[in-house]
**Q** 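After the C-alpha cells below, expect a handful of questions from me.
As a basis for the values below, the full set of heavy atoms in this structure was taken, side chains included, without hydrogen atoms, waters or symmetry mates. Quick note on labels: first sequence line is chain A, next is B, and so on, each numbered from 1.
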Protein chains: 2
Amino acid sequence: MVATRARILNTSSELFGRQGYAGTGMNEIVAKAEAALGSIYHFFPGGKDQLCEETIRASGRIYLELIEAVLDEASDIGQGVDDFFSGAAAQVVATDFADACPIATIALEVASTNEDLRRATADVFESWLNAASQRLEQAGIAPLQARRLSLFALSALEGAFVLSRAQRNVDAIDAAGSYVTAVIREALPRSRRQRREPGDEPRN
Amino acid sequence: MVATRARILNTSSELFGRQGYAGTGMNEIVAKAEAALGSIYHFFPGGKDQLCEETIRASGRIYLELIEAVLDEASDIGQGVDDFFSGAAAQVVATDFADACPIATIALEVASTNEDLRRATADVFESWLNAASQRLEQAGIAPLQARRLSLFALSALEGAFVLSRAQRNVDAIDAAGSYVTAVIREALPRSRRQRREPGDEPRN
DNA sequence: GTCTATAAACCGATAGAC
DNA sequence: GTCTATCGGTTTATAGAC
C-alpha cells in the first residue's frame, strides 16, 4: 500500500512534468492520485506552491539517482553519457513523448514569475551538474572544463527533450547524444580514451 | 500608430514566451496591450487557442529571420553560430532572464495536451532547422550531417536557455555556444575552415 | 487523516450598446 | 472596431463533519 502523501507526489510529478505548473489543477491531481482534496492541503498546507516545490525537489532527487546510476554503471564516462542519451530516448518513446525532463516545463514557466520555485529548479539543475562534473573530474578532466562540459551536455539533453516532444520523434536526442559523447571523449586524457569499435561485443 | 491586432500579438508573444500558455490570461494580455477584451475576440474569434497558434507562428517567423540574418551576416558559418549564441546570451541578460526562446515554454506545455498547438511549435522548429541546415550545406557539409548538426545546435541552444533562465546566469549559453561552434568548425571541409586567432582583427 | 460542501476569486468567452 | 457588463464554469483554498 502506497501512502497517500507519496501517491500525491508521484501524480503531481507526472502532471506538472507533462503539463506544467499553471496547466495542472489541484482537482486533477487528487483525482488521478485517488485522494481527497482535503488530503492535499493536509500534507501540503502551503497549497499549490508548496506541493510544486516539493515535487520539483523530489523528482529532481530521483532523476539525480538515475544520472548517477547510469554514469557509474558504464565502463567509462563516455559510454555513460552515451547510455544516458539512449535511455532518455527510450523513455520518451515509451511514454509516447510525454515524460522527458521532470522539471523543465516548470522551470521555464516559473523562471520569471515565482522566485521560490525558480530557485528550486536551479537547485535541482545544480545537483545534476555537480554529479556530472564530479565524474568527469574522476575521468581526468580539469574542474573548470568538467563544469563547462556538464553545462554543455545538460543543455543539449534538455533542448533535445524540447525538440523531441514537439516533433514526436527522437532525432534530436540521437543527434545531441552522439555529438555530446564525441566532445566528451575528445576531452578525456589520451590514456583514458575508449571507444566501442564495430567489432566489439555489445556491453548490455 | 501600431494597429490593435499587432499590439495584441506582440504582447501575447511576450507573455506566452515568459509565462507559458496556461499561465497567461486573456485579461492580462489585453491589459498590457492596452486593448479591449472584445478586440481580442474580434481579431481572434477562435479564442485563446487561435491567438496562441498565431502567436507561435508569428514569433517563430520573426526568430527565423533573426537566425537567417545572424548566420548570413557572419564571415562564415562557424562565426555565425558563435555570434548567434553570443547574441542570445546578451538578449537574455538584457531582459533580466525573461526572454529567451519565444516558443519553448509553450512547446513543453502543449506537447501532450493540445495537438494543434504542438504541431505549430513543431512547424516553427522545423523552419529554424531548415534554415540552419541549408547554410551548413552551403558551407560544404553533406545534407544528412547538416541536418544532424542543426538538431544538435538547436538542442544545445534551447537547453541552455532553460538552464540560463533557471540559474539566472549565462554560463550554460556560453558553454553550449563554444562547444557547438567547435563541433561545427570541425565538421567543415578542411579548405573552408576558418578560426579567429588571438591576433586577428575583430570582425564587427 | 479523509471526505464533502462551499466560499471567493478568477477564467475564457459572449452579448449588445456605441 | 471598441468597450463594458456579465454568463457559466473552473480555480485554489477553507470549513467542518466524520
Side-chain angles (χ1 to χ4, degrees), chain A residues 1-58 105-106 109-110 112-118 120, chain B residues 1-58 105-106 109-110 112-118 120:
Chain A
M1 232 298 248
V2 184
T4 303
R5 199 190 130 96
R7 232 165 48 241
I8 290 172
L9 269 178
N10 286 339
T11 305
S12 63
S13 177
E14 192 174 301
L15 293 178
F16 283 143
R18 288 180 183 177
Q19 314 170 341
Y21 175 70
T24 303
M26 299 293 263
N27 279 311
E28 190 182 359
I29 293 170
V30 291
K32 189 162 189 191
E34 296 184 273
L37 182 61
S39 297
I40 216 173
Y41 288 95
H42 171 74
F43 290 111
F44 307 93
K48 194 180 183 182
D49 279 9
Q50 185 190 344
L51 172 61
C52 189
E53 177 163 348
E54 291 206 36
T55 301
I56 291 166
R57 298 193 187 277
T105 312
I106 310 172
E109 271 185 291
V110 304
S112 305
T113 58
N114 187 317
E115 182 61 12
D116 288 343
L117 295 184
R118 180 202 67 76
Chain B
M1 232 299 246
V2 184
T4 303
R5 199 191 131 97
R7 231 164 50 239
I8 291 172
L9 269 179
N10 286 339
T11 304
S12 64
S13 177
E14 193 175 299
L15 294 178
F16 283 144
R18 289 179 182 177
Q19 316 171 338
Y21 176 70
T24 303
M26 299 293 262
N27 280 311
E28 190 182 1
I29 292 170
V30 291
K32 189 161 189 192
E34 296 183 274
L37 182 61
S39 297
I40 216 173
Y41 289 95
H42 171 75
F43 291 111
F44 307 93
K48 195 180 185 183
D49 279 8
Q50 185 190 344
L51 172 61
C52 188
E53 177 163 349
E54 292 206 35
T55 301
I56 291 167
R57 298 193 187 277
T105 312
I106 310 172
E109 270 185 291
V110 304
S112 305
T113 57
N114 187 318
E115 181 61 11
D116 288 343
L117 295 184
R118 180 201 67 77

**Q** Reading DNA chain D from 5' to 3', where do the contacts with chain A start and stop? Cut-off is 4.0 Å to heavy atoms.
**A** dT12(D) to dT14(D)
**Q** Checking Thr24(B) side chain against Leu15(B) main chain: does a donor-acceptor pair fall under 3.5 Å?
**A** yes
**Q** Give me the residues of residues 27-40 of chain B where at least one heavy atom lies under 4.0 Å from an atom of DNA chain D, by number, or none.
**A** Ala36(B), Leu37(B), Gly38(B), Ser39(B)
**Q** Roughly how many Å is it from CE in Met26(A) to C1' in dA5(C), rounded to a whole number?
**A** 17 Å
**Q** Whether Glu115(A) and Arg118(A) form a salt bridge (side-chain N of Lys/Arg under 4.0 Å from carboxylate O of Asp/Glu) is what I want to check.
**A** yes
**Q** From CD of Gln50(B) over to C1' of dA13(C), roughly how many Å is that when rounded to an integer?
**A** 14 Å
**Q** With distance as the sole test, does Thr11(A) use its side chain to make a donor-acceptor pair with the main-chain N or O of Arg7(A) at under 3.5 Å?
**A** yes
**Q** Ignoring hydrogens and angles, state whether a donor on the side chain of Thr55(B) or Ser13(B) is under 3.5 Å from an acceptor on the partner side chain.
**A** no
**Q** Can you check whether Leu51(B) reaches Tyr41(B) side chain to side chain, under 4.5 Å on heavy atoms?
**A** no
**Q** Is Glu109(A) close to Thr105(B) at the side-chain level, that is, under 4.5 Å between some pair of heavy atoms?
**A** yes
**Q** Determine, for Lys32(A) against Glu28(A), whether the closest basic-nitrogen to carboxylate-oxygen distance falls under 4.0 angstrom.
**A** no
**Q** I'd like to check Asp116(B) versus Glu53(B) (side-chain heavy atoms, cut-off strictly below 4.5 Å). Are they in contact?
**A** yes
